[in-house]
Amino acid sequence: MDWVAANTLAAVVLALLVLLIGRLGTLSPQVMHLLWLGVLIKLALPPLLFFELPILEPAAAANFAADSRVDGLRLDPLPASSSPSLGISAGSIGVEESAPAWSGLEFSLLLVWTLGAGLLLAQQARALLSLRRRWRAARGAPLWLQAECSRLAIILGAPVPELRLASIGSPFVWGTLRPRLLWPEQELNRGELPRLRAILAHELAHLRRGDQRLAALELLLATALWWHPLFWFARGRMREQAELCCDAWAVWAVP
């Protein structure tokens, strides 16, 4: 558990540094997003350097003793013929190294972590199934909205998603390999076309940046670090910067 404490300390220092940089406001949201992603990765990865005390093998220890000097006298190892023999060869004794037994506290922590990770995965699986049902129940978008989506996707260099209408509060994209865009049915007022274009550009910017693929990495990290408050703090800041990045893309694509 020592590496967990070491990683937490290093990630806290890094997060404080990123917060300080954000206060200064000298970097773009894209760079800030990458910095917060670095905090998450640092929090998840084990330390890269391990410091161990050197342990001499028996043969190396004999050579070390043979080459050592005490008070200017050379200490030579005894010849093999003069060493007392007990009639027991080195290989005749089988010594098995027993693995350290788990303490009750370690077993309890592992059990709590497993339960938490299982509940998180179950919640995500339930949300995904609900999203798939909603997608299957959605209806096709009108041609003029699909045309606007395709035109903006070309401008942004984003993949053209499959577009459908659903009874939802706000649009969102999903799909790691097959990009999809669910659009609210109430947001079909063609008289507000500039506003709709800006919203479309924002959602397409998520596809351009690959945020839907990054969400899969976030889920993997959340499964391992669901218990860590710094993970949720850093992930919230990272998503905040991602929204700012998409706003900047939308302003560029739809002045």
Side-chain angles (χ1 to χ4, degrees), residues 28-45 117 119-141 145-185 187 195-226 231-254:
S28 65
Q30 177 70 26
V31 177
M32 294 298 300
H33 178 269
L34 293 176
L35 290 178
W36 283 115
L37 179 60
V39 174
L40 290 183
I41 294 177
K42 175 56 190 167
L43 192 60
L45 291 180
L119 289 175
L120 178 65
L121 289 177
Q123 180 186 10
Q124 293 297 321
R126 180 181 178 184
L128 181 59
L129 290 176
S130 176
L131 181 58
R132 288 184 178 276
R133 287 194 298 266
R134 182 171 292 182
W135 176 261
R136 287 194 296 265
R139 62 187 180 91
L145 186 60
Q146 296 182 26
E148 289 293 336
C149 182
S150 300
R151 186 180 66 85
L152 288 172
I154 294 174
I155 294 175
L156 291 167
V160 180
E162 184 179 354
L163 184 59
R164 292 188 184 182
L165 303 179
S167 299
I168 56 177
S170 59
F172 65 92
V173 294
W174 66 292
T176 304
L177 300 177
R178 182 182 175 187
R180 300 169 180 176
L181 173 57
L182 270 176
W183 191 265
E185 292 181 343
E187 294 287 349
R195 175 175 174 272
L196 296 184
R197 286 172 178 166
I199 299 175
L200 268 175
H202 178 95
E203 298 303 323
L204 291 173
H206 282 294
L207 294 178
R208 174 66 173 82
R209 287 168 35 82
D211 289 335
Q212 78 281 6
R213 291 190 294 269
L214 187 59
L217 175 61
E218 289 183 18
L219 177 59
L220 180 63
L221 295 178
T223 305
L225 298 171
W226 61 265
F231 167 79
W232 299 106
F233 177 81
R235 194 187 76 158
R237 295 299 180 272
M238 186 181 70
R239 289 190 171 185
E240 181 182 79
Q241 297 300 322
E243 294 299 323
L244 293 177
C245 289
C246 293
D247 286 343
W249 277 95
V251 170
W252 172 80
V254 186

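Every value quoted in this text rests on a predicted model; they were computed, and no experiment measured them.
- For Glu218, the side chain to side chain contact (heavy atoms under 4.5 Å, CB included) partners two or more places apart in sequence, or in a different chain, are Leu214, Arg235, Met238, Arg239.
- We find the CG-CG distance between Leu217 and Asp211 to be 12.0 Å, quoted to the nearest 0.5 Å.
- Contact record, Leu181 with Pro171: CD1-CB, 4.4 Å, taken as the closest heavy-atom pair.
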Pair Trp249-Leu204, side-chain contact (heavy atoms from CB on, under 4.5 Å): steps then yes or no: CA-CA 9 Å; Trp249 277 95; Leu204 291 173; over 6 Å; no
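- Put simply, CD on Glu187 and CZ on Arg195 are 4.0 Å apart, with the number rounded to the nearest 0.5 Å.
- Among residues two or more places apart in sequence or in another chain, the side chain to side chain contact (heavy atoms under 4.5 Å, CB included) test is passed with Pro29 by Gln241, Leu244, Cys245.
- Leu35 is not listed as a side-chain neighbour of Val39, based on a closest heavy-atom distance of 4.5 Å or more.
- Scanning for ring pair (Phe, Tyr, Trp, His ring centres under 6.0 Å) contacts around His33 gives an empty result, with sequence neighbours left out.
- To the nearest 0.5 Å, atoms CE (Met32) and CZ (Arg237) are separated by 10.0 Å.
- For Arg126, there are no side chain to side chain contact (heavy atoms under 4.5 Å, CB included) partners, not counting sequence neighbours.
- From His206, atom NE2 reaches atom CD of Glu203 across 5.0 Å, with rounding to the nearest 0.5 Å.
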Residues 147-164, side-chain donor-acceptor partners within the protein, below 3.5 Å, at least two apart:
residue: Glu148; atom: OE1; partner: Arg151; partner atom: NH2; Å: 3.1
residue: Glu148; atom: OE1; partner: Arg197; partner atom: NE; Å: 3.0
residue: Glu148; atom: OE2; partner: Arg197; partner atom: NH2; Å: 3.2
residue: Ser150; atom: OG; partner: Gln146; partner atom: O; Å: 3.0
residue: Glu162; atom: OE1; partner: Arg178; partner atom: NE; Å: 3.4
residue: Glu162; atom: OE1; partner: Arg178; partner atom: NH2; Å: 2.7
residue: Glu162; atom: OE2; partner: Arg164; partner atom: NE; Å: 3.3
residue: Glu162; atom: OE2; partner: Arg164; partner atom: NH2; Å: 3.1
residue: Arg164; atom: NH1; partner: Trp135; partner atom: O; Å: 2.8

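- Interatomic distance, CD of Gln212 versus OG1 of Thr176, reported as 6.5 Å (0.5 Å rounding).
- Considering CH2 of Trp183 and CD1 of Ile199, their distance stands at 5.0 Å, rounded to 0.5 Å.
- Every residue meeting the side chain to side chain contact (heavy atoms under 4.5 Å, CB included) condition with Leu120, not counting sequence neighbours, appears here in chain and number order: Gln123, Gln124, Ala222, Thr223, Trp226.
- The shortest heavy-atom contact between Ala201 and Ala253 is CB-CB, 4.3 Å.
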